[in-house]
Amino acid sequence: MASKVAGVLIVCVVLAAMFGTGGSIGDLMDAYKNCFVDCHKTCQGEGNGNTFCEMKCDSDCMAQETAAKLNMVP
């Protein structure tokens, strides 16, 4: 009986953690997408190739996203 109660408690904690952070994850994904689109347009406008721009922008925007997750961005 105790193991069933513990199992239900663990499931509740996991579900609460999943649904409690939904808004902030969506905001970070929107910020990454906007960063990537803007960066990619600028990079290709400078005459760089698609692969170079994708790698550059992914790296730059991932660094910004990581800094935001760690609350390093003002």
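Along the sequence shown, residues carry numbers from 1. Predicted model only: the values in this text are computed from it and were never measured.
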Engineer: Taking distance alone, no hydrogens or angles, what donor-acceptor pairs closer than 3.5 Å link side-chain atoms of residues 43-53 to residues at least two apart or in another chain?
Structural biologist:
unit_1	atom_1	unit_2	atom_2	d
Q44	NE2	N50	OD1	3.2
N48	ND2	C43	O	3.4
N50	OD1	H40	NE2	3.1
N50	ND2	E54	OE2	3.2

Engineer: Cys pair C61/C39: SG distance under 2.5 Å?
Structural biologist: no
Engineer: V37 vs Y32, test: side-chain contact (heavy atoms from CB on, under 4.5 Å). Steps then yes/no.
Structural biologist: CA-CA 9 Å; V37 168; Y32 175 85; over 6 Å; no
Engineer: Working to the nearest 0.5 angstrom, can you tell me the gap between K56 NZ and T42 OG1?
Structural biologist: 8.5 Å
Engineer: Atom CZ of F36 and atom CE of M62: how far apart are they, to the nearest 0.5 Å?
Structural biologist: 10.0 Å
